[in-house]
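Structure first, then comments.
Just so you know, ligand 1 is whichever comes first in the structure, and atom 1 is the first atom listed for that ligand.
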Amino acid sequence: MFSILFIIVPIFIAAVFVFIIAMIVSPKFKGKMMSREIKAQKYMIEESKEDLKSISDDMAYATKDGVKTTAGAIREGLTKSTVFCKHCGCEIDDDSKFCKKCGKKQ
Ligand SMILES: [Zn+2]
């Protein structure tokens, strides 16, 4: 009974050793293993497509307000242009006639 274990365990250890050496030494073997990994990943993505879609939909819904605020801030930053007051240097809207800080005419 134990004699079988004495044969199997060293063979298993040797196989693992050869596998690790092959992974380190041979780029071709490593590539094959990577390709299998990628295939497995693709399969998993294909299998969980519906769940992933549902998660991304939920996340989009949950972050909707934040995205809206950010988009609004970006739009404001792009459209609203400012100039500096000739008298005090304070930043004011480019269409304002008087400075909001010193009150002098622009
Ligand atoms: Zn001013």
Could you list all the side-chain hydrogen bond (donor to acceptor under 3.5 Å, both in side chains) pairs where at least one residue sits in residues 28-45, not counting sequence neighbours?
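Counting only pairs at least two positions apart or across chains, no side-chain hydrogen bond (donor to acceptor under 3.5 Å, both in side chains) contact touches residues 28-45.
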
Residues 16-24 side chain polar contacts: donor-acceptor under 3.5 Å, at least two apart:
none

Within 6.0 angstrom of Met33 CE, more than 12 heavy atoms from elsewhere:
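Result for CE/Met33: enclosed.
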
With side chain to side chain contact (heavy atoms under 4.5 Å, CB included) as the criterion, how do Lys104 and Cys85 come out once you've worked through the C-alpha distance, each side chain's angles and the decisive distance to 0.1 Å?
CA-CA 9 Å; Lys104 285 178 180 163; Cys85 172; 5.5 Å; no

Can you check whether Gly66's main-chain N or O pairs, donor with acceptor, with Thr70's side chain at less than 3.5 Å?
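Looks like yes, one N/O pair under 3.5 Å.
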
Between side-chain atoms of residues 86-103 and protein atoms elsewhere (two or more places apart, or another chain), which donor-acceptor pairs fall under 3.5 Å?
residue, atom, partner, partner atom, Å
His87, NE2, Lys105, O, 3.2
Glu91, OE2, Thr82, OG1, 2.6
Asp94, OD2, Ser81, OG, 2.8
Ser96, OG, Asp93, O, 2.7

Which protein atoms of type N, O or S are found under 2.8 Å from the Zn ion (ligand 1)?
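Correct list: Cys85 SG, Cys88 SG, Cys99 SG, Cys102 SG.
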
